[in-house]
Amino acid sequence: MRLLYVFALILAVRLASVFVVKTYYVPDEYWQSLEVAHKLTFGYGYLTWEWVQGIRSYIYPLLIAGVYKLLALLQLDSAELLVLLPRILQAILSSYSDYRFYVWTGKRKWALFLILVPWFWFYTGSRTLANTLEASLTTIALSYFPWYGEGSAYLWLAAICCFLRPTAAVIWLPLGIYHLRKSRISAVELILKRFVVIGLIVASAGIAIDTYWHGRLIVTPYEFLNYNIFHNIGSFYGSHPWYWYFTVGLPTVLGINTLPFLYGIMETVRKPEKFPICKQLLITIFLTLVVLSTVEHKEFRFVSSLLPLCLYVSSEALSRLSYRASRTVLWTIALVILFGNALPGWYLSTVHQKGPIELMPKLRQIAQEYKDEREHRASILFLMPCHSTPYYSHIHENVTMRFLTCEPNLQKQDNYIDEADRFFDSPKSWLNSHIPVYPRTALPSHVVLFDSLADKISEFLGNYRLLHTIDHAEVNKLVDSQALVNEWSSAVGATPPNIASILQRLQARTGKSIKVYQRLRAGEENTYNREEFQAAAEQPEQLDDVGILSENQFN
């Protein structure tokens, strides 16, 4: 019965995160899961280049598509439920993985505490990310790993992780070798009868699913490695120095939990015979970070699967500390960890980058209700960095929408510049060549952009009136963090990044708020936007002439 209460507590925390976390993290949460599932189920939507090239597996989107299909059959497919239910599904899976972590660690109180409080897991544990799914499956698999005795049930989940994201193999390879070394079964028998058989079954099922939905014979793990590793396509979306995961990536994901993790490392190094599992986990963590560090493109979420390994090391050390430390010391440690996680968890879950999530219900209402003077439905243009918002999965209306694309240079063109870069290099020129202004009804009915762009395209926006302003992020205040970054970089002997220069480019494309503009109807010219763009109108020499296209290129 006690285990039931523990699971209920974990489930309550994870379900709470579904409703508390109302901010935007990374595009993949929507564009590699919900948008794919929406197109599979309802027949309209958008598939990014990854799906066209076949580097993504349909397994995860199909799970979400199953939820969507059930809602459609019950005629309950409202946009609100399409957004909510997949997150609840992921939260339930994350809850079960947290429960298995508690069981794996010997049902220790510190383990329960440490798996519930991490800010990053609260922030991402209910998000529909393949990385979240991988982290959950990794935790469950680790709980079935034969640390003592024999067993191979973990191989099923490990194989699924490796098929969905081949980089997961860097975790399971050292653990697999450890299994082979400690098992009483011969290595040949274990490899042939367990590793190979389970791997082939999982791979065959995955290839069959992906071949059917991609429409051609395809091995998505190979395509994933081919594009992201062998051809280094990921570097198109940003590069980091080799040491980034050691100095920034993993410490940020752990947050304040870095302190008990470092304590766990010291205890394990001092007395490895007392911490055999921690020793193997630390070897796995180190090797994984080394391998991931060889790839130029790095992100925090790429090390999320290491979180349960780190927390195990921390919980083991703190549990042993509890035998000799006073209650005051233990309560102080617990409160520091709790509040150290609560602050970033609250800020990032409720304040930072909340604009795109608050934007979508407003666009949904526009898509449902708007009709122009010719009874045409809404057509929405996103003049933002590509994938800055969710898309059809949050609107669930088959209206015309367009965003600035940012596909990598797949064709190896000389001097390649993606559409988003071309736009931000010269916004007015791009609008002149891509968006018609005559007749007025040829213009998109609504334009969505960050506030930093409005003054640069003021003449184009003279055809619109401001409809909504939505708070997004306090980006300007981040410049003050340069001194802190300099101190941290100096401490680790690294060259500090120039925050000001980074933010200068960032703020040119994002901003503190998101603005939604609606096209003026006939007779509204003298009612809206006259004062708003009066300053720009007084300096016509700074504005390009607005071109007139005979063909509507918006669609």
Side-chain angles (χ1 to χ4, degrees), residues 6-7 9-26 29 87 90-91 94-95 97-102 104-105 108-127 129 131-132 135-136 138-139 245 247-265 281 285 299-319 321-322 325 328-354 473-474 478 481 484 488:
V6 169
F7 180 75
L9 173 62
I10 295 172
L11 182 62
V13 172
R14 293 296 159 235
L15 289 179
S17 73
V18 174
F19 300 95
V20 173
V21 178
K22 294 295 183 183
T23 53
Y24 191 90
Y25 176 34
V26 290
E29 179 181 355
R87 291 197 62 193
Q90 181 57 59
S94 296
S95 299
S97 73
D98 293 347
Y99 170 76
R100 291 303 308 176
F101 178 85
Y102 173 71
W104 170 37
T105 55
R108 294 190 172 106
K109 293 179 181 178
W110 273 114
L112 178 61
F113 176 74
L114 288 177
I115 198 63
L116 287 178
V117 300
W119 76 268
F120 188 80
W121 191 230
F122 184 85
Y123 181 61
T124 62
S126 62
R127 294 183 184 272
L129 278 166
N131 308 93
T132 302
S136 298
T138 297
T139 305
Y245 280 127
T247 60
V248 179
L250 187 60
T252 300
V253 169
L254 290 175
I256 194 69
N257 295 319
T258 300
L259 298 179
F261 177 60
L262 291 175
Y263 174 70
I265 293 176
L281 292 178
I285 292 168
E299 295 187 36
F300 296 115
R301 59 192 175 101
F302 292 168
V303 293
S304 57
S305 292
L306 293 179
L307 185 59
L309 287 74
C310 297
L311 294 180
Y312 184 98
V313 173
S314 303
S315 67
E316 185 79 5
L318 290 176
S319 295
L321 176 66
S322 299
T328 301
V329 170
L330 295 177
W331 274 102
T332 300
I333 293 173
L335 289 175
V336 169
I337 293 175
L338 176 61
F339 287 107
N341 281 289
L343 183 59
W346 165 78
Y347 178 74
L348 293 170
S349 298
T350 63
V351 179
H352 184 62
Q353 294 189 160
K354 65 179 181 177
E474 295 291 332
L478 293 177
S481 64
L484 180 62
W488 172 256

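A heavy-atom distance below 4.5 Å is not found between the side chains of P260 and I333. Annotation: side chain of L250 is in contact with side chain of C310 (closest heavy-atom distance under 4.5 Å). Contact annotation: the side chain of L112 approaches that of I10 to within less than 4.5 Å [non-hydrogen atoms, C-beta and beyond]. Contact of the F122 side chain with the V20 side chain is registered, since non-hydrogen atoms from C-beta on lie closer than 4.5 Å. Side-chain contact between Y25 and L129: present, with at least one pair of heavy atoms (C-beta onward) separated by less than 4.5 Å. Considering only heavy atoms from C-beta on, W346 comes within 4.5 Å of V351 through its side chain.
Counting all heavy atoms, side chain and backbone alike, S349 lies closest to Y123 at OG-CD1, 3.7 Å. The shortest non-hydrogen separation linking V313 to I265 is CG1-N, 4.1 Å. For the residue pair I115 and R14, the shortest heavy atom distance occurs at O-NH2, 2.8 Å. Taking all atoms of both residues into account, the shortest heavy-atom contact from F120 to S304 is CE2-CB, 3.7 Å. Taking all atoms of both residues into account, the shortest heavy-atom contact from W110 to L318 is NE1-O, 3.4 Å.
When atom types are taken as modelled, the side chain of S94 and the backbone of A91 share no donor-acceptor pair closer than 3.5 angstrom. S314 contributes a side-chain N or O that, together with a main-chain N or O of F261, makes up a donor-acceptor pair within less than 3.5 Å. Under a 3.5 Å cut-off, the side chain of T258 and the backbone N or O of P251 do form a donor-acceptor pair. Between the side chain of Q353 and the backbone N or O of T23 there is no donor-acceptor pair closer than 3.5 Å. Between the side chain of R87 and the backbone N or O of V18, at least one donor-acceptor pair lies under 3.5 Å.
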> What do the steps show when you test Y312 against T139 for side chain to side chain contact (heavy atoms under 4.5 Å, CB included), and what is the final call?
Replying inline: CA-CA 10 Å; Y312 184 98; T139 305; over 6 Å; no

>> Applying side chain to side chain contact (heavy atoms under 4.5 Å, CB included) to E316 and R108, what does each step give before you reach the verdict?
In response: CA-CA 9 Å; E316 185 79 5; R108 294 190 172 106; 2.7 Å; yes

> Would V253 and W121 satisfy side chain to side chain contact (heavy atoms under 4.5 Å, CB included), going step by step from the backbone distance to the final call?
Replying inline: CA-CA 8 Å; V253 169; W121 191 230; over 6 Å; no

> Run the side chain to side chain contact (heavy atoms under 4.5 Å, CB included) check on F113 and L338 step by step: do they pass?
Replying inline: CA-CA 9 Å; F113 176 74; L338 176 61; 4.2 Å; yes

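T105 is linked by a side-chain hydrogen bond (donor to acceptor under 3.5 Å, both in side chains) to nothing, counting only residues two or more places apart in sequence or in another chain. Here R301 pairs with D28, N131, E299 under the side-chain hydrogen bond (donor to acceptor under 3.5 Å, both in side chains) rule; sequence neighbours left out.
Between H352 and Y347, the two ring planes are parallel [angle under 30°; tilted spans 30° to 60°]. Ring geometry for F101 versus W104: interplanar angle over 60°, hence perpendicular rather than tilted (30 to 60°).
None of L116, V117, D98 except one satisfies the side chain to side chain contact (heavy atoms under 4.5 Å, CB included) rule with V13; the exception is L116.
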